[in-house]
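Contents: one structure, followed by commentary.
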Amino acid sequence: MFITRMALSRRTFLRGMGTAVALPLLDAMVPALTAAAAANAVPRLGVVYHPNGVIYQNWLPKGAGREFVLSPILAPLAPFRDQLVIVTGLSSHQAEALGDGGGDHSRASGTYLTGVHVRKSDSIVENGVSMDQIAAKAFERDTQLSSLQLTLDDNSLVGSCDVGYSCAYSSTLSWLTPTLPLMAENNPRVVFERLFGSSDSTDPRVRASRLRQDRSILDSVTARVRQLQQRLGPADNAKVNDYLESLRDVERRIQKAEAQSANDVIGVDQPAGVPDGFEPHVRLLYDLQLLAYRSDLTRVITFMYGREQGGRPYPQIGVPEPHHSLTHHQNDPAKMEKCTRIQTYHVKLFADYLEKLRATPDGDGSLLDHMILLYGAGISNSDRHTHGPLPTLLLGGGAGTIKGGRHLVYPEDTPLTNLQLTLLDKLGVPADTLGDSTGQFKELSEL
């Protein structure tokens, strides 16, 4: 390779029976002796959304600029301070009632990435194109999947939704067109097969049959892996081995979850592949995101900790009450403390994901160095259902386009879409406007 200057394609796949396993970025995938080879990384966007608002005074850091102190909720992010930007003062005006009455939860998530006031109707959905889909459209020629939409809740369009609003608004953040939501998936098996291969059938009996075979999809590409590794150097071989072991570990965990699901008591409505427990489910979906980014199968992912108005309890952290009902705390200190505990728990799991991204080599740095991660919510004060100032933060380096280690404070009611419009520009996908945006932020890249 070093003599001929030949290189493997960035889109190299190991193909087997019903399987196409993409590979991470290897040294052999860039032209030999090219000075910029090590920096040949691609931009990636991740959006992480948490429902039902926050206890804002426990979320808000003290101080501004570089002289800030992390709040109790954000304390788990201390190891990533140098790549953290906290942004306050942002609002989602289009999530306000504007004459429509109740429906703050549906408008909160429905408007979050579009900046458009969603239509109130039980039968008709109407929104705008979301910022993640603007980015996905720009990257889709280079990836197998234009984007992924993930959630921890059941993805059916029924359940706890605001009266008069379609459940689509609270079940996804992503809108391909103003009338076409891209529904989020909560089943790790479905996500895994979308990324790395599946049978031609979605019939649960077909999946159960494959489970009984107890055969990893990686087994069908073993010979191809051996052939490939004969062409690679020691460093690339180590990367391939580490990546495939990570992929195999995720598949093992999915198979374990499926086996547990098969033994569930009759009448429990749990899709095969969904782990028994919130934290294993979160970690599995985060690991699938890492694999998708690492193999460049997609560069755009949205992830919801749950739908708005979700009533998930958290007994594992001493909160057995439903989440949504706790958020109507009426300034009860005990309820506010439990809400703070939930929000800190979400951030801690996010921080664990960040650590894995930082430990994953990519080009001249890590995956985290070449990503932009937007973490936030569409509701601020959870008791009053306010839509500003919204809890918002950024993680990652954006390939050097974002300067971390700061708390940026903007005037009250600055559109959230101004930040999102700026992020699109940092990703190399400039847009003139997004929803109710009024301009971009130059401060993200300034010291």
Side-chain angles (χ1 to χ4, degrees), residues 43-52 92 95 105-116 118 125 127-140 143-155 157 167-178 180-188 190-191 194-195 281-282 284-293 297-308 310 346 349-350 353-354 357 367 371-379 390-396 398 416-417 419-421 423-424 426-427 429 434-435:
R44 301 172 179 90
L45 170 67
V47 179
V48 179
Y49 184 91
H50 61 95
N52 300 328
S92 181
H105 284 284
S106 291
R107 293 191 297 265
S109 50
T111 299
Y112 188 69
L113 294 183
T114 67
V116 171
V118 301
V125 295
N127 198 348
V129 178
S130 53
M131 67 89 69
D132 66 304
Q133 289 308 298
I134 295 174
K137 184 67 175 176
F139 299 148
E140 65 181 359
T143 58
Q144 179 174 311
L145 299 174
S146 60
S147 63
L148 274 180
Q149 295 75 43
L150 305 178
T151 182
L152 286 158
D153 282 345
D154 182 18
N155 57 3
L157 293 180
C167 286
Y169 298 126
S170 55
S171 299
T172 185
L173 305 175
S174 303
W175 290 75
L176 185 62
T177 73
L180 181 58
L182 298 177
M183 301 314 298
E185 179 58 60
N186 77 328
N187 189 333
V190 174
V191 178
R194 191 176 296 169
L195 293 172
H281 196 181
V282 172
L284 195 46
L285 288 179
Y286 270 142
D287 283 352
L288 282 166
Q289 292 176 66
L290 188 150
L291 287 172
Y293 286 132
L297 290 171
T298 190
R299 298 176 186 175
V300 178
I301 301 176
T302 57
F303 176 50
M304 301 177 74
Y305 270 114
R307 65 168 63 183
E308 290 288 344
H346 287 179
L349 292 170
F350 179 58
Y353 171 52
L354 294 175
L357 290 172
L367 274 179
M371 292 184 65
I372 294 175
L373 286 159
L374 170 64
Y375 184 103
I379 291 178
L390 293 175
T392 307
L393 56 88
L394 304 174
L395 258 301
L416 171 66
T417 46
L419 173 64
Q420 295 166 348
L421 191 68
L423 297 184
L424 286 173
K426 300 299 181 186
L427 291 165
V429 187
L434 176 69

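If you read the sequence from its start, that first residue is 1, and numbering goes on from there.
Residues Thr143 and Arg299 come closest through the heavy atom pair CG2-NE, 3.6 Å. Annotation for Ser170 and Ser109: closest pair CA-OG, 3.3 Å, computed over non-hydrogen atoms. The two residues Gly378 and Ala108 make their nearest non-hydrogen contact at O-CB, 3.5 Å. The two residues Ala168 and Met183 come nearest to each other via the heavy atoms CA-CE, 4.4 Å. Heavy atoms only, all atoms of each residue included: Arg107 and Val118 are closest at CG-CG2, 4.0 Å. Annotation for Pro181 and Val125: closest pair CD-CG2, 4.4 Å, computed over non-hydrogen atoms.
By the 4.5 Å heavy-atom criterion applied to side chains, Thr302 and Leu182 are not counted as neighbours. Side-chain contact between Pro178 and Val129 is present, with heavy atoms from C-beta onward closer than 4.5 Å. The shortest distance between side-chain heavy atoms of Leu45 and Met131 falls below 4.5 Å. Proximity of Leu173 to Met304: side-chain heavy atoms (C-beta onward) are separated by under 4.5 Å at one or more points. Taking the side chain as every heavy atom from C-beta outward, His105 and Asn52 approach each other to under 4.5 Å. For the pair Gln289/Arg44, no side-chain contact is recorded, criterion being any heavy-atom separation below 4.5 Å from C-beta on. Leu374 places a side-chain heavy atom less than 4.5 Å from the side chain of Leu394. Between Gln420 and Thr417 there is a side-chain heavy-atom pair separated by less than 4.5 Å.
For Ala377, the side chain to side chain contact (heavy atoms under 4.5 Å, CB included) partners at least two apart in sequence or on another chain are His50, Pro391. Every residue meeting the ring-ring contact (aromatic ring centres under 6.0 Å, His included) condition with Phe303, not counting sequence neighbours, appears here in chain and number order: Tyr286, Tyr305.
Separation of atoms OG1 (Thr151) and CG (Asn187) is listed at 12.0 Å; rounding is to 0.5 Å. In this structure, the separation between OH on Tyr353 and CG on Leu373 is 6.0 Å, given to the nearest 0.5 Å. Rounding to the nearest 0.5 Å places OH of Tyr293 at 7.5 Å from OG1 of Thr298. Rounding to the nearest 0.5 Å places CG of Leu357 at 9.0 Å from CG of Leu395. To the nearest 0.5 Å, atoms CD (Gln149) and CG (Asn186) are separated by 13.5 Å.
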Could you go step by step and tell me if Asn127 and Thr114 meet the side chain to side chain donor-acceptor pair (under 3.5 Å) rule? CA-CA 7 Å; Asn127 198 348; Thr114 67; 2.9 Å; yes
Before giving the answer on side chain to side chain contact (heavy atoms under 4.5 Å, CB included), spell out for Tyr49 and Leu113 the whole-Å C-alpha distance, their side-chain angles and the decisive distance to 0.1 Å. CA-CA 10 Å; Tyr49 184 91; Leu113 294 183; over 6 Å; no
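A side-chain donor from one of Ser130 and Asp132 sits under 3.5 Å from a side-chain acceptor of the other.
The one candidate from Leu150, Val47, Leu285 that meets the side-chain contact (heavy atoms from CB on, under 4.5 Å) condition with Ile301 is Leu150.
Residues Trp175 and Tyr112 place their aromatic rings such that the two centres sit no closer than 6.0 Å.
Of the possible donor and acceptor atoms, none in the side chain of Arg307 sits under 3.5 Å from a partner among the backbone N and O of Pro51.
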